[in-house]
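One-based numbering along the sequence shown. Predicted model only: the values in this text are computed from it and were never measured.
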Amino acid sequence: QVQLVESGGRVVQAGESLRLSCAASGRTFESDAMGWARQAPGKEREFVAAINWSADFTHYADSVKGRFTISRDNAKNAVYLQMNSVKPEDTAVYYCNADRSLLNLERGTPVKYWGKGTPVNVSS
């Protein structure tokens, strides 16, 4: 059974940092693009960041550019999201995802693999 399991979400103060992790199991994702999306209360799910299979290309939503950093460790079958200088508007459930196409991750569909999410709550 293929699974993406996120961890690291918690309550933080604005301006602080936190790191989300996503552990993949059931198959290797070393040939896939991996990424993060988020869904805030009452809003649609949106793209946050994506990284290609070889980790030499990354793409970010404008709202997080310069504050968030995506990385991956293919040996561990994992992807990470370092979140710095967080803002209250970063409050959301954060989802890990994976697909052969990084463009699909940017678009949000069709994405083959999704995790169940980890909540991040940023207080002001």
Side-chain angles (χ1 to χ4, degrees):
Q1 182 182 3
V2 178
Q3 284 189 310
L4 298 177
V5 179
E6 304 92 337
S7 62
R10 57 185 176 91
V11 178
V12 293
Q13 296 281 338
E16 293 184 345
S17 298
L18 77 162
R19 187 190 195 210
L20 304 184
S21 299
C22 173
S25 61
R27 71 181 284 270
T28 176
F29 285 88
E30 63 184 10
S31 298
D32 295 87
M34 299 188 77
W36 293 89
R38 67 186 181 186
Q39 186 167 19
K43 296 187 177 180
E44 293 187 353
R45 189 159 55 186
E46 63 177 2
F47 167 76
V48 175
I51 187 168
N52 72 337
W53 68 274
S54 57
D56 57 4
F57 178 82
T58 57
H59 188 222
Y60 298 92
D62 288 343
S63 58
V64 307
K65 202 170 294 183
R67 300 187 298 120
F68 291 9
T69 302
I70 188 171
S71 61
R72 67 187 295 166
D73 185 337
N74 287 342
K76 295 183 177 180
N77 219 18
V79 64
Y80 309 97
L81 186 68
Q82 178 66 41
M83 305 168 62
N84 297 333
S85 303
V86 296
K87 304 175 181 179
E89 50 264 44
D90 294 322
T91 294
V93 176
Y94 283 73
Y95 298 91
C96 173
N97 55 18
D99 194 272
R100 283 299 175 111
S101 168
L102 189 144
L103 186 59
N104 286 353
L105 299 185
E106 294 174 349
R107 293 172 174 169
T109 185
V111 175
K112 189 165 186 179
Y113 300 103
W114 287 95
K116 293 185 177 180
T118 185
V120 172
N121 193 314
V122 182
S123 59
S124 56

**Q** What pair of heavy atoms forms the shortest contact from V120 to M83, and how long is it?
**A**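 Between these two residues, the closest heavy atoms are CG1-CE, 4.2 Å.
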**Q** Show me the pairs that pass side-chain hydrogen bond (donor to acceptor under 3.5 Å, both in side chains) and involve residues 33-42, at least two apart or across chains.
**A**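 Counting only pairs at least two positions apart or across chains, the side-chain hydrogen bond (donor to acceptor under 3.5 Å, both in side chains) contacts touching residues 33-42 are R38-E46, R38-S63, R38-D90, R38-Y94.
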**Q** Please check if the side chain of S85 supplies one atom and the backbone of G15 the other of a donor-acceptor pair under 3.5 Å.
**A**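 Answer holds: no.
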**Q** Testing the basics here: between S21 and Y80, what is the closest heavy-atom pair and its distance to 0.1 Å?
**A**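 Smallest heavy-atom distance, with atoms named: OG-CD2, 3.4 Å.
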**Q** Distance check, rounded to the nearest 0.5 Å: Q82 atom CD versus S71 atom OG?
**A**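 Those atoms lie 8.0 Å apart.
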**Q** Do Y95 and L81 land in one hydrophobic cluster if side-chain heavy atoms of ILVMFWY residues count as linked below 4.5 Å?
**A**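 As far as the 4.5 Å side-chain criterion goes, L81 and Y95 are not connected within one cluster.
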**Q** Counting only heavy atoms not in K65, do more than 12 fall under 6.0 Å of its NZ?
**A**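 Yes - once you tally the heavy atoms of other residues, nucleotides and ligands closer than 6.0 Å, there are more than 12.
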**Q** Nearest 0.5 angstrom please: N74 CG to M34 CE, how far?
**A**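 Answer rounded to 0.5 Å: 8.5 Å.
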**Q** Let me check something: do V12 and V93 share a hydrophobic cluster, defined by ILVMFWY side-chain heavy atoms less than 4.5 Å apart, either directly or through other members?
**A**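 Cluster IDs for V12 and V93 differ.
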**Q** Please find the pair of heavy atoms, one from C96 and one from E6, that lie closest to each other, and give the distance.
**A**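 Residues C96 and E6, closest heavy atoms: N-OE2, 2.8 Å.
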**Q** At their closest point, which heavy atom of S31 faces which heavy atom of W53, and how far apart are they?
**A**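 Nearest pair, atom of S31 first, then W53: C-CB, 3.6 Å.
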**Q** Minimum heavy-atom separation for T118 to G9, with atom names?
**A**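 The answer is OG1-N, 3.1 Å.
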**Q** So how far is it from K112 NZ to F29 CZ, rounded to the nearest 0.5 Å?
**A**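 So the NZ of K112 and the CZ of F29 are separated by 9.0 Å.
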**Q** Does atom CD (Q13) have a neighbourhood of more than 12 heavy atoms from anything else shown, all under 6.0 Å?
**A**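 Yes, the 6.0 Å shell around CD holds more than 12 heavy atoms from other groups.
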**Q** Can you find a heavy atom in the side chain of Y113 that is under 4.5 Å from one in the side chain of N97?
**A**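 Not in contact.
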**Q** Do L4 and V2 sit in the same hydrophobic cluster, where Ile, Leu, Val, Met, Phe, Trp and Tyr count as joined when their side-chain heavy atoms come under 4.5 Å apart?
**A**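 Result: yes, single cluster for both.
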**Q** Supply the atom-to-atom distance L102 CG to N52 CG, rounded to the nearest 0.5 angstrom.
**A**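 If I round to the nearest 0.5 Å, the distance is 6.5 Å.
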**Q** Look up atom OG1 in T69 and atom CG in N84, then write down how far apart they are to the nearest 0.5 Å.
**A**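 The distance works out to 6.5 Å.
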**Q** Enumerate the salt bridge (Lys or Arg N to Asp or Glu O under 4.0 Å) contacts for residues 113-124, please, sequence neighbours excluded, ordered by first and then second residue.
**A**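 Every pair satisfying salt bridge (Lys or Arg N to Asp or Glu O under 4.0 Å) with a residue in residues 113-124: there are none.
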**Q** Inspect the contact between R100 and D32 and indicate whether a charged nitrogen and a carboxylate oxygen are less than 4.0 angstrom apart.
**A**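 Between R100 and D32 there is a salt bridge, with a charged N closer than 4.0 Å to a carboxylate O.
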**Q** Donor-acceptor pair, D99 side chain versus L105 backbone, under 3.5 Å?
**A**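 Checked: no pair found.
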**Q** Quick one: list whatever passes ring pair (Phe, Tyr, Trp, His ring centres under 6.0 Å) with F47, sequence neighbours left out.
**A**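 F47: ring pair (Phe, Tyr, Trp, His ring centres under 6.0 Å) contacts with H59.
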**Q** Mind checking whether V79 and I70 have side chains closer than 4.5 Å, heavy atoms only?
**A**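 In contact.
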**Q** Can you confirm whether more than 12 heavy atoms, excluding those of R10, are under 6.0 Å from its CZ atom?
**A**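 Buried by this count: over 12 neighbours within 6.0 Å.
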**Q** Run the side chain to side chain contact (heavy atoms under 4.5 Å, CB included) test on N104 and T109 for me, step by step, so that the C-alpha distance in whole Å, both residues' side-chain angles and the decisive distance to 0.1 Å come before the verdict.
**A** CA-CA 5 Å; N104 286 353; T109 185; over 6 Å; no
**Q** Please report the shortest heavy-atom distance between W114 and A37, naming the atom on each side.
**A**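 Reported closest heavy-atom pair: CZ3-CB, 3.9 Å.
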**Q** Strictly distance-based, threshold 3.5 Å: is any side-chain N or O of D73 a donor or acceptor partner for the main-chain N or O of A78?
**A**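 Flag not set: sc D73 to bb A78 has no pair under 3.5 Å.
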